[in-house]
Amino acid sequence: MELPIILQIKDTYYPVLAAFGVPANLVTIVILSRGNCGLSKCISVYMVAMATADLLVIIFHVIVYHIFSYHFPYSFLSYTAVCKFILYMNPATLDMSVWFTVVFTFDRFVAICCHKFKTKYCTVRTASAVLTTVTALFCLKDIPFCFAYEPERIINNVHWGCRSRVDFFSKPAGLVYSWLQSILIPWLPFALILLFNCSTVRRIVVASRARRGIRGHSTENQSDPEMENRRKSIVLLFTVSGCFILLWLTAAVSFLATKLTNTVHYLGDYGTPAFISTETGYLLMYLSSCTNTCIYAATQTKFREELKKMMTFPWTFILTLVK
């Protein structure tokens with residue numbers, strides 16, 4: 001029997017995504033950690049953290065859950081304890097990936113719009129503290145997921161599989177927690193990113209007009225290094241945040257529709273619009289964990305140069321040995 005088209009797409013899509021996403025994020029972490037991209041140390045800290053979170057999303061969501069657990073249902077990953085750990089790490093890594101993007105956007109908002117606060121906030125120490133705090137808070141927030149599942153079956157006193165506990169998700173506390181999860185990812189991040197970016201744009205427009213007035217009409221056609229640096233910073237910020245919102249939008253709308261209508265998207269029919277839209281949302285959502293490397297390569301000249309050096313280094317090294 002031929003698989004439904006959406007399942008055929010998933011069987012091909014996830015391995016390809018993993019094959020690209022893991023090396024892409026690893027390369028990004030190495031390049032940014034070396035500090036040769038002309039970026040401030042504060043920005044580099046946020047971008048390394050974002051790449052690390054994206055790498056964890058690819059590992060746990062795509063490789064472990066959608067590839068290994070799906071294609072090898074009776075491996076050690078099916079032990080209930082391991083299964084619960086995976087189901088805990090999935091939302092935890094996704095939380096970090098999303099909120100690291102939010103705090104990066106806020107950092108750029110402060111750097112451009114809050115000059116007095118900039119010297120205190122936009123530092124490596126503050127960035128590390130913010131990222132550590134966000135990680136700890138969301139790891140604590142997702143602890144209830146450890147108690148939201150129970151063994152699917154018990155064979156020879158060994159617990160296998162995980163299934164949702166009806167009493168957990170049907171109680172008021174469980175329902176509140178479920179709605180909280182939907183708000184924290186991704187609707188609140190959407191609102192904050194749009195708020196910070198709109199404020200940043202307004203600030204840039206006002207500052208640009210004032211700067212053009214000071215420089216005078218006679219120099220309008222001359223290059224302005226300050227404006228050029230500001231433009232590059234804004235292109236990076238808006239591309240990262242805009243790509244995040246676009247790729248998450250389908251999943252966000254699907255999640256909200258499921259919550260509001262209280263419907264189950266899968267009842268054995270893989271062709272229902274609800275199931276297809278939900279799975280499409282997942283496909284695009286996980287793609288967002290691979291796009292930042294492409295964005296950096298497209299918008300940052302020095303990152304592109306470092307990437308070329310890294311790609312050509314093995315061949316250069318071999319030619320040096322041969323000579």
Side-chain angles (χ1 to χ4, degrees), residues 24-58 92-142 184-186 188-201 203-204 229-245 248 288-297 299-303 306-307:
N25 283 301
L26 284 174
V27 167
T28 300
I29 292 170
V30 172
I31 292 176
L32 293 175
S33 299
R34 295 172 63 184
N36 297 327
C37 295
L39 300 169
S40 69
K41 293 182 178 180
C42 178
I43 295 178
S44 296
V45 169
Y46 282 111
M47 291 170 66
V48 168
M50 291 162 62
T52 304
D54 288 341
L55 177 62
L56 291 176
V57 169
I58 295 295
T93 54
L94 209 58
D95 286 341
M96 288 186 282
S97 177
V98 170
W99 282 92
F100 285 175
T101 303
V102 175
V103 295
F104 168 70
T105 306
F106 179 72
D107 177 84
R108 294 300 85 204
F109 162 76
V110 172
I112 295 172
C113 301
C114 309
H115 292 291
K116 293 183 179 180
F117 187 47
K118 173 183 175 181
T119 55
K120 295 182 179 180
Y121 185 83
C122 298
T123 63
V124 174
R125 183 177 181 179
T126 301
S128 301
V130 168
L131 292 168
T132 301
T133 302
V134 169
T135 301
L137 287 176
F138 281 99
C139 285
L140 290 174
K141 179 192 75 69
D142 293 321
L184 291 176
I185 293 185
L188 182 58
F190 278 7
L192 292 176
I193 288 174
L194 291 174
L195 174 63
F196 296 146
N197 283 348
C198 289
S199 300
T200 302
V201 168
R203 175 71 176 185
I204 290 172
N229 291 333
R230 187 177 296 174
R231 184 190 69 81
K232 291 180 180 179
S233 178
I234 292 308
V235 167
L236 174 63
L237 170 63
F238 286 5
T239 307
V240 170
S241 57
C243 186
F244 163 75
I245 291 176
W248 268 81
S288 68
S289 298
C290 303
T291 54
N292 283 350
T293 301
C294 300
I295 291 172
Y296 303 154
T299 61
Q300 303 296 307
T301 303
K302 291 186 177 181
F303 181 91
E306 290 296 314
L307 181 60

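Worth saying up front: this structure is predicted, and the values here are computed from it rather than measured. One-based numbering along the sequence shown.
A donor-acceptor pair is defined here as one N or O able to donate and one able to accept, closer than 3.5 Å; such a pair exists between the side chain of Trp99 and the backbone of Leu184. A donor-acceptor distance shorter than 3.5 angstrom exists from the side chain of Thr126 to the backbone of Lys120, with no hydrogens or angles considered. Side chain of Ser199 to main chain of Leu195: a donor-acceptor pair is present (N/O by atom type, distance under 3.5 Å, no hydrogens or angles). For the pair Thr123 (side chain) and Thr119 (backbone), a donor-acceptor distance under 3.5 Å is absent.
Legend: salt bridge (Lys or Arg N to Asp or Glu O under 4.0 Å) pairs involving residues 94-111, not counting sequence neighbours, sorted by first then second residue: Asp95-Lys141. For residues 28-42, the pairs satisfying salt bridge (Lys or Arg N to Asp or Glu O under 4.0 Å) are Arg34-Glu306, with sequence neighbours left out. Applying the salt bridge (Lys or Arg N to Asp or Glu O under 4.0 Å) definition to pairs two or more places apart or across chains, none involves residues 126-140.
In this structure Phe196 satisfies the ring-ring contact (aromatic ring centres under 6.0 Å, His included) test together with Phe106, Phe109, sequence neighbours excluded. Listed by chain and residue number, nothing satisfies the side chain to side chain contact (heavy atoms under 4.5 Å, CB included) test with Thr132 (two or more places apart in sequence, or in another chain). Evaluation of the ring-ring contact (aromatic ring centres under 6.0 Å, His included) rule for Phe303 yields Tyr296 as partners, not counting sequence neighbours.
Here Cys37 contributes atom SG and Ile31 contributes atom CD1; the two are 6.5 Å apart, rounded to the nearest 0.5 Å. For the atom pair OG1 (Thr52) and CD1 (Ile29), the distance works out to 3.5 Å, reported to the nearest 0.5 Å. Atom CG of residue Asn25 and atom CG of residue Leu56 lie 9.5 Å apart, to the nearest 0.5 angstrom. With values rounded to the nearest 0.5 angstrom, Leu94 atom CG is found 5.0 Å from Ile185 atom CD1.
The two atoms that bring Thr105 and Ser241 nearest to each other are OG1-CB, 4.3 Å, heavy atoms only. Smallest separation of non-hydrogen atoms from Asn36 and Lys302: O-CB, 4.0 Å. Closest non-hydrogen pair, Ser97 versus Asp54, comes out as OG-OD1, 2.7 Å. Here the shortest heavy-atom pairing between Trp248 and Ser288 reads NE1-OG, 3.3 Å. When all heavy atoms of Ala127 and Val45 are compared, the pair lying nearest together is CB-CG1, 3.9 Å.
Between Thr28 and Asn292, the side chains place no donor N or O within less than 3.5 Å of an acceptor N or O (distance only, hydrogens not considered).
Side-chain contact check for Pro189 versus Thr101: every heavy-atom pair is 4.5 Å or farther apart.
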Exercise. Apply side-chain contact (heavy atoms from CB on, under 4.5 Å) to Thr291 and Phe244, showing your working.
Key: CA-CA 9 Å; Thr291 54; Phe244 163 75; over 6 Å; no
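The only option from Leu307, Leu32, Thr293 that meets the side chain to side chain contact (heavy atoms under 4.5 Å, CB included) definition with Val27 turns out to be Leu307. Exactly one residue among Val235, Val240, Ile234, Leu236 makes a side chain to side chain contact (heavy atoms under 4.5 Å, CB included) with Phe238. That residue is Ile234.
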